[in-house]
Amino acid sequence: TPDLPLAGRRVVVTAGGTREALDPVRFITNRSSGKMGYAIAQVAREFGATVTLISATTHLPAPSGVKVMMVDSAQALLTAVSDVYDATDILVMAAAVSDYRPVELADQKIKKPADHADLTLRLTETPDILKTLAARKRHQYVIGFAAETQSLLANANRKLTSKKLDLIVANDVSKPGVGFNGDTNQVTLLRPQQQPVTTELATKSVIARKILTTAIADGAGKQA
Ligand code: C5P
């Protein structure tokens, strides 16, 4: 039905910023609030989908009618997404995944050195979830995000191709009212071989509708 354009479709949304632990009390994270992903999960549910929200720690209430799985690190997020991927029709990777994690996880709280010397943290790359799953892609319609502070469309287009995405949502997070913490966003939707679509500055709920209606117009996640 036109009211429930995602009826029968299984949608997985990731949201929030991952946390990469240094020791039992400290971690590295980023400014993601999770609001964009939560808004997408809510709208997908309103559109009739069966929705799983795989969320890094946020302060947000669980959207009603949505299954929520909480994760912390990039590695935990990869495991959770990988487990549900084959049974997913539309994957929306709105999570801000840490690109690096500490090489070592100290089992006790790290102490200040007695001589007050500088402390050096060694970081190593985390797995790229979308790139990892690209090799397993079948009927899935995969949506990624690109939060950039410069060369927005060039960087987003590169990610669209390298991560084998069907749609990428490009966010200029250096603009006021756009991206990470607020309740509003302005985005450009990029798809392979199609003209970019730029939205107005609008609530994250309105932006979520635009993203999902664009995916639906592409026939997102229909099994052959
Ligand atoms: O970090 P980057 O700008 O490359 O992220 C773009 C997209 O890739 C986002 O959708 C993000 O969720 C996803 N990503 C990922 N695994 C990572 C880093 C980012 O799937 N390790």
Side-chain angles (χ1 to χ4, degrees), residues 11-21 27-41 44 52-58 69-86 88 90-103 123-137 140-175 178-181 185 187-192 196 204 207-208 210-212 214-215 220-221:
V11 175
V12 172
V13 183
T14 69
T18 63
R19 291 177 166 185
E20 309 301 325
F27 53 82
I28 295 171
T29 189
N30 58 65
R31 294 186 187 280
S32 172
S33 65
K35 286 177 182 171
M36 193 64 245
Y38 275 57
I40 292 169
T52 301
L53 175 60
I54 304 179
S55 178
T57 312
T58 71
M69 296 171 64
M70 300 300 296
V71 295
D72 60 348
S73 64
Q75 181 59 53
L77 184 57
L78 171 62
T79 302
V81 178
S82 184
D83 284 350
V84 296
Y85 186 67
D86 292 338
T88 297
I90 302 174
L91 170 64
V92 187
M93 278 291 302
V97 185
S98 180
D99 290 326
Y100 291 88
R101 63 172 171 79
V103 172
L123 304 177
T124 186
E125 248 187 279
T126 56
D128 190 301
I129 297 165
L130 287 173
K131 271 190 193 160
T132 306
L133 293 174
R136 270 167 63 192
K137 192 166 168 188
Q140 290 89 351
Y141 187 96
V142 180
I143 303 176
F145 277 71
E148 305 289 344
T149 58
Q150 58 182 346
S151 309
L152 176 65
L153 296 186
N155 282 325
N157 261 310
R158 198 165 30 72
K159 290 173 190 181
L160 183 69
T161 308
S162 69
K163 299 183 193 237
K164 281 203 193 157
L165 303 177
D166 298 288
L167 190 164
I168 192 156
V169 182
N171 254 189
D172 181 348
V173 292
S174 68
K175 277 195 196 166
V178 175
F180 281 135
N181 241 306
N185 207 354
V187 300
T188 299
L189 307 184
L190 302 174
R191 290 167 291 165
K204 287 185 174 175
I207 302 292
K210 183 69 189 168
I211 294 166
L212 288 176
T214 302

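Both counts, for ligands and for their atoms, begin at 1 and track the order of listing.
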Return a table of N or O atom pairs, ligand 1 on one side and protein on the other, at distances under 3.5 Å, rounded to 0.1 Å.
{"residue": "ligand 1", "atom": "3 (O)", "partner": "K159", "partner atom": "NZ", "Å": "2.4"}
{"residue": "ligand 1", "atom": "4 (O)", "partner": "K163", "partner atom": "NZ", "Å": "2.9"}
{"residue": "ligand 1", "atom": "8 (O)", "partner": "K163", "partner atom": "NZ", "Å": "3.0"}
{"residue": "ligand 1", "atom": "10 (O)", "partner": "M93", "partner atom": "O", "Å": "2.7"}
{"residue": "ligand 1", "atom": "10 (O)", "partner": "F145", "partner atom": "N", "Å": "2.8"}
{"residue": "ligand 1", "atom": "10 (O)", "partner": "F145", "partner atom": "O", "Å": "3.4"}
{"residue": "ligand 1", "atom": "12 (O)", "partner": "M93", "partner atom": "O", "Å": "3.2"}
{"residue": "ligand 1", "atom": "12 (O)", "partner": "A95", "partner atom": "O", "Å": "2.8"}
{"residue": "ligand 1", "atom": "16 (N)", "partner": "I129", "partner atom": "N", "Å": "2.9"}
{"residue": "ligand 1", "atom": "20 (O)", "partner": "I129", "partner atom": "N", "Å": "3.4"}
{"residue": "ligand 1", "atom": "20 (O)", "partner": "L130", "partner atom": "N", "Å": "3.0"}
{"residue": "ligand 1", "atom": "21 (N)", "partner": "P127", "partner atom": "O", "Å": "2.8"}

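- No donor-acceptor distance shorter than 3.5 angstrom exists from the side chain of T18 to the backbone of D72, with no hydrogens or angles considered.
- When V169, I129, I168, V13 are each tested for a side-chain contact (heavy atoms from CB on, under 4.5 Å) with M93, only one passes: I129.
- Remark: side-chain polar atoms of T88 are not paired, donor with acceptor, to backbone N or O of V11 under 3.5 angstrom.
- Among the candidates T214, I143, L165, D166, the single residue satisfying the side-chain contact (heavy atoms from CB on, under 4.5 Å) test with R191 is T214.
- For the pair N155 (side chain) and Q150 (backbone), a donor-acceptor distance under 3.5 Å is present.
- When atom types are taken as modelled, the side chain of N30 and the backbone of A96 share a donor-acceptor pair closer than 3.5 angstrom.
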